[in-house]
Amino acid sequence: MTVFVRGLEVAAGIGVYDHEHGRLQRLVLDVTLELNPAPIEHLADTINYETVADAARAIVAAGHIGLVETFAEKLGMAMLDDPRVRRCTVRIEKPGALGGEAVPGCELVLAR
């Protein structure tokens with residue numbers, strides 16, 4: 001079973017440059033969770049989408065982060081805290097970081 005959240009937007013204090021401190025920037029998150037095979041009959045049998053959103057918001061609330069890669073790692077590790085998750089892919093885009101229409105970001109894959 002695969003559970004995913006695509007296009008989750010958060011406003012985060014993120015960046016290594018002086019002009020990036022003290023302001024929020026838009027991040028767009030895609031998270032894919034591959035779960036261990038198991039019967040799924042109820043919400044408690046799977047990963048609630050809100051779990052992903054809440055984890056991302058908690059990272060934002062914890063304060064400024066220098067790198068998008070660090071944000072991705074924190075989110076991926078939070079998802080692997082659930083033993084049902086066997087593989088997690090976190091993709092983060094940082095629109096506007098380069099100006100124009102180019103969208104930089106990173107993708108991280110963690111597995112057990």
Side-chain angles (χ1 to χ4, degrees):
M1 172 66 62
T2 300
V3 173
F4 62 88
V5 174
R6 303 259 191 273
L8 176 65
E9 293 191 22
V10 296
I14 194 159
V16 295
Y17 298 110
D18 288 342
H19 71 274
E20 294 180 298
H21 289 261
R23 69 182 185 102
L24 299 178
Q25 296 186 72
R26 185 172 142 237
L27 299 179
V28 181
L29 314 174
D30 294 335
V31 178
T32 302
L33 307 174
E34 294 179 26
L35 308 182
N36 291 318
I40 299 175
E41 297 292 330
H42 306 285
L43 183 57
D45 299 330
T46 188
I47 305 295
N48 186 331
Y49 310 128
E50 281 298 320
T51 302
V52 176
D54 289 346
R57 292 181 190 122
I59 294 167
V60 169
H64 190 92
I65 294 176
L67 300 171
V68 173
E69 292 84 351
T70 304
F71 193 110
E73 183 177 24
K74 287 178 179 284
L75 185 53
M77 294 302 290
M79 296 299 95
L80 285 179
D81 280 347
D82 190 311
R84 296 171 294 182
V85 177
R86 65 179 178 175
R87 182 179 167 104
C88 174
T89 302
V90 177
R91 184 173 195 269
I92 301 180
E93 295 179 355
K94 191 176 176 187
L98 294 176
E101 294 186 24
V103 180
C106 73
E107 183 170 289
L108 171 75
V109 178
L110 297 174
R112 295 191 190 280

Margin query: As an exercise, state the distance from OG1 of Thr51 to CE of Met79, rounded to the nearest 0.5 Å.
Written below: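 CE of Met79 is found 6.5 Å from OG1 of Thr51.
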Expected output: side-chain [X] to main-chain [Y] donor-acceptor under 3.5 Å:
| X | Y | value |
| --- | --- | --- |
| Glu73 | Glu69 | no |
| Gln25 | Ile14 | yes |
| Asp45 | Ala38 | no |
| Arg26 | Glu9 | no |
| Arg112 | Val85 | yes |
| His64 | Gly15 | yes |

Minimum heavy-atom distance between [X] and [Y], given as atom pair plus value:
| X | Y | answer |
| --- | --- | --- |
| Cys106 | Val68 | SG-CG1, 3.7 Å |
| Ala111 | Leu80 | N-CD1, 4.5 Å |
| Phe71 | Ala56 | CZ-O, 3.8 Å |
| Ala12 | Leu27 | CB-CD1, 3.8 Å |
| Val28 | Pro95 | CG2-CG, 4.0 Å |
| Leu75 | Ala55 | CD1-CB, 3.7 Å |

Side chains of [X] and [Y]: closer than 4.5 Å at any heavy-atom pair?
| X | Y | answer |
| --- | --- | --- |
| Leu35 | Ile47 | yes |
| Tyr49 | Val3 | yes |
| Leu33 | Asp82 | no |

Next item on the list: May I ask whether Leu67 and Ile59 are part of the same hydrophobic cluster, defined by side-chain heavy atoms of I, L, V, M, F, W, Y residues being less than 4.5 angstrom apart, directly or through others?
Entry: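 Per the 4.5 Å side-chain linkage, Leu67 and Ile59 are not co-clustered.
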Item checked: Cationic N near anionic O, under 4.0 Å, Glu50 to Arg57 ->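 Salt bridge flag = yes for Arg57 with Glu50.
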Next item on the list: Check the surroundings of atom CG in Asp81: do more than 12 heavy atoms from other residues, nucleotides or ligands lie under 6.0 Å from it?
Entry: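 More than 12 within 6.0 Å, yes.
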Next item on the list: Could you tell me whether Arg91 atom CZ has more than 12 heavy atoms of other residues or ligands within 6.0 Å of it?
Entry: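 Open: at most 12 neighbouring heavy atoms sit under 6.0 Å from CZ of Arg91.
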